Amino acid sequence: TASEMPLGPVYVNVYDILRSEIAALKAQYGLSDLSIVVRDGKYYLEINGRLIEITFLEGGTITAEMMANLQQMLGQLLEQNGFQPITQLDDGTVPAPGIGGTGMGLGLMALAGGAMLSMGGTSNALALTPGPVVQEVTSDAATNTVTAKYDRELNADKLPSPDDFEVFVNGQPANISGIRINDDKVELELAQDLGPNDNVTLKYRDQDGDLEASIQGADGSLAESFMSGVVIDGYIADAQLYVDKNGDGRPGSDEILDGIKTNDRGVFLLDASLNPENAPLLIVGGINTDTGLPNNTILTAPAGSTVITPTTTLIQKMIREGMIEGADEKAMLSTAQKVVKQSLGLSDGIDLLTFDPIAAIKGQSQLPDAVALHKFNTSVVEILESFGGATSANVSAAATAIAKALLTSAKESTVLAMDESFVSNIVDQVFTSGNNAALKADLGLVVESIQSAETLSEIAAAQKGIAVQIDSASLTNDALPV
């Protein structure tokens, strides 16, 4: 009767429901090595190391009819991927052939009673339990711990592995010596001392799908991956994050991450559910906490970077625009890092996607690399912001010119000289006509002042010295951003 119908969806542990079908499927398909695994919040059938993703169509719920036919539908998913039954179902029938396609990762769906089953569409349904969402990441120098706080109580019996985390202190990897769960917090004890001013970033990703060793809510729901990162020219506070879904390097209205901004130390925190395709992030606006000036440069970095800087922005530009050769994006990224490090005279051992030069300078560590990189970052911003609005054609052309200069320097095995001559060359590549002497002189003076500065405060003071701002549209007859 109507009064017996559920008022809303009933939340369940999907992993346990799927796992309950495994014994029957093993017998039916003659598979001794068949299991359910979870990787990064997604469910898979694993057969001899091969993964077949179980996707839930339309996202949120599993109908009661689907539950009644779950074994048959999982069987059809196996058949779609080349496995055949050797025994009959309990009702004496052999499962129907799989539905279309032979690729991996097909949705969990089947024919029952002549109708396609999919998710949702009924109040008589089971809902996928939404997983815990990380709220903040903090560090405590007194106890040498890093804490990830979630939106609900966690299962203290399910401890993740240290291999599931990457911790960076001032951009350098840090080892984990212990893990504990305390109510709604995952506490990581580090095998090194933390300083009160250390900048700590953290990444979590379930590496092996072991449900006995993954972050779970007390309700059995699985936590998504997450990452924290820091935005640097100086540290950029109150900047808005976007996901570069279409890969064009420009923030679109459909790419904004509502409510996700950097804090007063330039740090952001992002749950993987907000960026499921792991696209590069775009950083827009905010305030440079070193200078108090607004950030007018769109910053970005290759996906997964825990620092986003002018340097990572140039690296991403090289990759996005095909300026670097490589068999795949990973190879191109490796080459781009080598180009930048060689051009700036940096050590091979630093990772430009994690290294925080400001924190290193404050901590008096890796000073030659940190100083050179910070001066380059701040000089690049001064150059780009002198050419107009963040999305203007001139700014894009200036960034391309700087990237090409890095490539040329690496090819010639020379260290790039950031001086007035360098600035003049960039200006000439952007503006092929007109009298640009004032821009060259003023911008050259600022860049040379940054390069000769000896302290962070002197670098910040030099950054405030830009005297010429160009109206991009009037000089290019191009009012549209690129």
Side-chain angles (χ1 to χ4, degrees), residues 168 170-172 199 201 229-236 239 244 249 262 266 268 280-284 286 288 290 295-321 323-324 329 332-361 366-385 390 395-396 398-410 414-418 422-423 426 447 450-451 453 456 459-460 463:
F168 300 95
N170 301 330
Q172 296 301 301
N199 230 348
T201 55
V230 61
V231 182
I232 305 171
D233 166 9
Y235 293 129
I236 305 298
D244 192 12
T262 57
F268 64 87
L281 300 176
L282 301 173
I283 308 299
V284 178
N288 184 328
D290 282 356
N295 169 50
N296 295 314
T297 303
I298 297 173
L299 299 172
T300 187
S305 302
T306 60
V307 298
I308 299 179
T309 69
T311 299
T312 64
T313 301
L314 292 172
I315 288 174
Q316 181 63 11
K317 185 178 185 69
M318 291 178 189
I319 296 171
R320 186 176 64 242
E321 298 184 5
M323 301 168 70
I324 292 288
E329 190 165 316
M332 288 189 287
L333 177 55
S334 176
T335 300
Q337 284 223 52
K338 290 178 181 177
V339 164
V340 173
K341 285 186 276 192
Q342 184 172 344
S343 299
L344 301 183
L346 304 177
S347 302
D348 289 338
I350 70 168
D351 186 344
L352 297 173
L353 308 187
T354 66
F355 185 61
D356 180 342
I358 297 178
I361 292 171
Q366 298 179 281
L367 282 179
D369 289 332
V371 170
L373 185 57
H374 185 51
K375 288 182 176 181
F376 180 72
N377 282 335
T378 52
S379 296
V380 167
V381 167
E382 293 307 303
I383 293 170
L384 296 182
E385 294 196 356
V395 171
S396 179
T400 297
I402 296 172
K404 288 181 177 178
L406 290 168
L407 289 164
T408 299
S409 180
T414 59
V415 175
L416 189 65
M418 298 293 290
F422 171 79
V423 170
I426 299 300
V447 170
I450 290 173
Q451 296 303 309
L456 287 172
I459 292 174
Q463 283 184 276

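Not measured: the values here are computed from a predicted model.
- Of all heavy-atom pairs between I450 and E382, the closest is CD1-CG, 3.8 Å.
- Residue I308 holds its CD1 atom at 4.0 Å from CZ of F268, rounded to the nearest 0.5 Å.
- Within a 6.0 Å sphere centred on CD of E329, heavy atoms belonging to other residues, nucleotides or ligands number 12 at most.
- A 4.5 Å side-chain heavy-atom check between D356 and I358 finds at least one atom pair inside the cut-off.
- Looking at heavy atoms from C-beta onward, S409 lies out of side-chain contact with V415 at the 4.5 angstrom threshold.
- Here CG of N199 is found 10.0 Å from OG1 of T306. Values are rounded to the nearest 0.5 Å.
- Here CG of D348 is found 6.0 Å from NZ of K341. Values are rounded to the nearest 0.5 Å.
- Taking both residues in full, the closest heavy atoms of I283 and A239 are given as CG2-CB, 3.5 Å, listed atom of the first, atom of the second, then distance.
- Of all the heavy atoms in P280 and Q316, the pair that sits closest is CG-NE2, 3.5 Å.
- No side-chain heavy atom of V340 sits less than 4.5 Å from a side-chain heavy atom of L314.
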Run the side-chain contact (heavy atoms from CB on, under 4.5 Å) check on F355 and V307 step by step: do they pass? CA-CA 7 Å; F355 185 61; V307 298; 5.7 Å; no

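- Panel note: side chain K375, backbone A453; a donor-acceptor pair is recorded below 3.5 Å.
- Between the side chains of Q463 and D233, a donor-acceptor pair is found at a separation under 3.5 Å.
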Show your reasoning for whether side-chain contact (heavy atoms from CB on, under 4.5 Å) applies to F168 and V230. CA-CA 11 Å; F168 300 95; V230 61; over 6 Å; no

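- Here the shortest heavy-atom pairing between T201 and G229 reads CG2-CA, 3.8 Å.
- Counting only distance, with no hydrogens or angles, the side chain of Q337 and the backbone of L352 share a donor-acceptor pair below 3.5 Å.
- The two residues Q451 and S379 make their nearest non-hydrogen contact at NE2-OG, 2.9 Å.
- The closest side-chain heavy-atom distance from T297 to P310 is not below 4.5 Å.
- With rounding to the nearest 0.5 Å, the separation of CD1 in I319 from CE in M332 is 6.0 Å.
- When all heavy atoms are compared, the tightest approach of A372 to L346 is CB-CD2, 3.9 Å.
- Without hydrogens or angle criteria, D244 side chain to G249 main chain gives a donor-acceptor distance under 3.5 Å.
- In this structure, T335 and M318 have side chains that are not in contact, with every pair of non-hydrogen atoms separated by 4.5 Å or more.
- A donor-acceptor distance shorter than 3.5 angstrom exists from the side chain of T312 to the backbone of T300, with no hydrogens or angles considered.
- Two residues are said to be in side-chain contact when any heavy atoms from C-beta on lie closer than 4.5 Å; M323 and V339 fail this criterion.
- Within the 4.5 Å cutoff, the side chain of N295 has no heavy atoms near those of the N288 side chain.
- Side-chain N or O atoms of T309 include one that pairs as donor or acceptor with a backbone N or O of T311 at under 3.5 Å.
- Between the side chain of S343 and the backbone N or O of L416 there is no donor-acceptor pair closer than 3.5 Å.
- For the atom pair L299 CG and I232 CD1, the distance stands at 10.0 Å (nearest 0.5 Å).
- Using a 4.5 Å heavy-atom threshold, the side chains of T313 and L384 count as separate.
- Atom OG1 of residue T354 and atom CD of residue Q172 lie 6.0 Å apart, to the nearest 0.5 angstrom.
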